[in-house]
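Computed from a predicted structure; not experimentally measured.
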Amino acid sequence: MTRNLKRLAIVSAAAVAIAWSGAAAAQTDGVSDTDTKNFAVVGNVPAMCVGGTIAGTGGTFDMGVLIDLNTGLLRTDLAAPPKVLSGSFCSARSTITVNATPMAAQTFTSTPPTGFSRLVDYTATAAGWTTTPASYATSAGSNPAAVQTRATAFSGDITVSVGNFSTNGGATQRLVADTNYQGNVTVTLAVAS
């Protein structure tokens, strides 16, 4: 029995030696007992613009009585506090555009008599988005400054103002009586192509 045990011990030792040499050879052949995989985490952010909210007293420029009650001519001191769009942003290159329509008599819609007008022109501006404010004059034939572009994403306030009021047809024209003169200013933010 001792002889069999010796043989078994020799065979077992040889088997262990072969197993270890095989494992060592496997490790030296570039085989590992560890494997790692990587996973990408992806998403996207669409280019977008948000005009923000009108802060303060709302979205109406109330000019009050438009004429000098002594002369019937357009007042030279017309003014209204600016409006602020707060929380405006664009996540990419963008353009700001301002557009406006003259203040027009809403009830008196026919052609006014000689010496009278039913329209008041003005200039609307939108400042704070670009170095040069976007501006639109309702009396102008073209308004190249109405569209301004900024090259980068931006977040900030836009201040909208109206001013430089004039009677359509000239300073000597009086305005026809109407309890409702209305114009409109539109400010648009858009992703630039």
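Looking at residues two or more places apart in sequence or on another chain, you find a ring pair (Phe, Tyr, Trp, His ring centres under 6.0 Å) between Phe154 and Trp129. Applying the ring pair (Phe, Tyr, Trp, His ring centres under 6.0 Å) rule to Tyr136 yields no partners; only residues at least two apart in sequence or on another chain are considered.
Formation of a donor-acceptor pair under 3.5 Å by the Thr188 side chain with backbone atoms of Val98 is not found in this model. Side-chain N or O atoms of Thr130 include one that pairs as donor or acceptor with a backbone N or O of Thr132 at under 3.5 Å.
Among pairs with a residue in residues 147-176, none fulfils salt bridge (charged side-chain N to carboxylate O under 4.0 Å, His left out), at least two apart in sequence or across chains. Evaluation of the disulfide (SG to SG under 2.5 Å) test over residues 113-161, restricted to residues two or more places apart or in two chains, returns none. Within the structure, disulfide (SG to SG under 2.5 Å) pairs that include any residue of residues 131-193 do not occur (at least two apart or interchain). The disulfide (SG to SG under 2.5 Å) analysis of residues 114-185, with sequence neighbours excluded, yields no pairs. Residue pairs meeting the salt bridge (charged side-chain N to carboxylate O under 4.0 Å, His left out) criterion with at least one partner in residues 37-65, sequence neighbours excluded, are Asp35-Lys37. Listed by first and then second residue, the disulfide (SG to SG under 2.5 Å) pairs that reach into residues 164-193 come to none, sequence neighbours excluded.
Heavy-atom minimum distance, Ser161 versus Pro82: OG-CB, 3.4 Å. Between Asn143 and Ser135, the shortest heavy-atom contact is OD1-O, 4.2 Å. The two residues Ala190 and Cys49 come nearest to each other via the heavy atoms C-SG, 3.5 Å.
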Discussion item. Using the rule given for side-chain contact (heavy atoms from CB on, under 4.5 Å), can you reason through Leu189 versus Ile158, listing the C-alpha separation, both sets of side-chain angles and the distance that settles it, and then say yes or no?
Written reply: CA-CA 10 Å; Leu189 289 178; Ile158 299 169; 3.9 Å; yes

Worksheet item: Yes or no on side-chain contact (heavy atoms from CB on, under 4.5 Å) for Val185 and Val160, after CA distance, side-chain angles and deciding distance?
Response: CA-CA 9 Å; Val185 177; Val160 182; 4.0 Å; yes

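There is no path of hydrophobic side-chain contacts, each under 4.5 Å, that joins Val191 to Leu85.
Within the model, atoms CZ of Arg118 and CG of Asp178 stand 8.0 Å from one another, a figure rounded to the nearest 0.5 Å. The distance from the OG atom of Ser139 to the CG atom of Leu119 is 11.0 Å, given to the nearest 0.5 Å. The distance from atom CD1 of Ile54 to atom NZ of Lys83, rounded to the nearest 0.5 Å, is 8.5 Å.
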Using residues 103-116 as the side-chain source, report each donor-acceptor pair under 3.5 Å to any protein atom, sequence neighbours left out, with the distance given to one decimal.
{"unit_1": "Gln106", "atom_1": "NE2", "unit_2": "Ala104", "atom_2": "O", "d": "2.8"}

Show the atom names and distances, to 0.1 Å, of all donor-acceptor pairs under 3.5 Å that link a side chain in residues 121-128 to residues at least two apart or in another chain.
{"unit_1": "Asp121", "atom_1": "OD1", "unit_2": "Thr138", "atom_2": "OG1", "d": "2.8"}
{"unit_1": "Asp121", "atom_1": "OD2", "unit_2": "Asn168", "atom_2": "ND2", "d": "3.0"}
{"unit_1": "Tyr122", "atom_1": "OH", "unit_2": "Thr101", "atom_2": "O", "d": "2.6"}
{"unit_1": "Tyr122", "atom_1": "OH", "unit_2": "Asn184", "atom_2": "N", "d": "3.4"}
{"unit_1": "Tyr122", "atom_1": "OH", "unit_2": "Asn184", "atom_2": "O", "d": "3.3"}

Donor-acceptor pairs under 3.5 Å, side chain of residues 70-79 to any protein atom, not counting sequence neighbours: which ones?
{"unit_1": "Thr71", "atom_1": "OG1", "unit_2": "Leu73", "atom_2": "N", "d": "3.1"}
{"unit_1": "Arg75", "atom_1": "NE", "unit_2": "Asp77", "atom_2": "OD1", "d": "2.8"}
{"unit_1": "Arg75", "atom_1": "NH1", "unit_2": "Val65", "atom_2": "O", "d": "2.6"}
{"unit_1": "Arg75", "atom_1": "NH2", "unit_2": "Asp77", "atom_2": "OD1", "d": "3.2"}

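Side-chain atoms of Thr97 and Val187, non-hydrogen and from C-beta on, never get closer than 4.5 Å to each other. Using a 4.5 Å heavy-atom cutoff, the side chains of Val147 and Ile96 are not in contact. The shortest distance between side-chain heavy atoms of Arg93 and Thr152 does not fall below 4.5 Å.
The other members of the hydrophobic cluster of Met48, by chain and number, are Val50, Phe89 (side-chain heavy atoms under 4.5 Å, ILVMFWY only).
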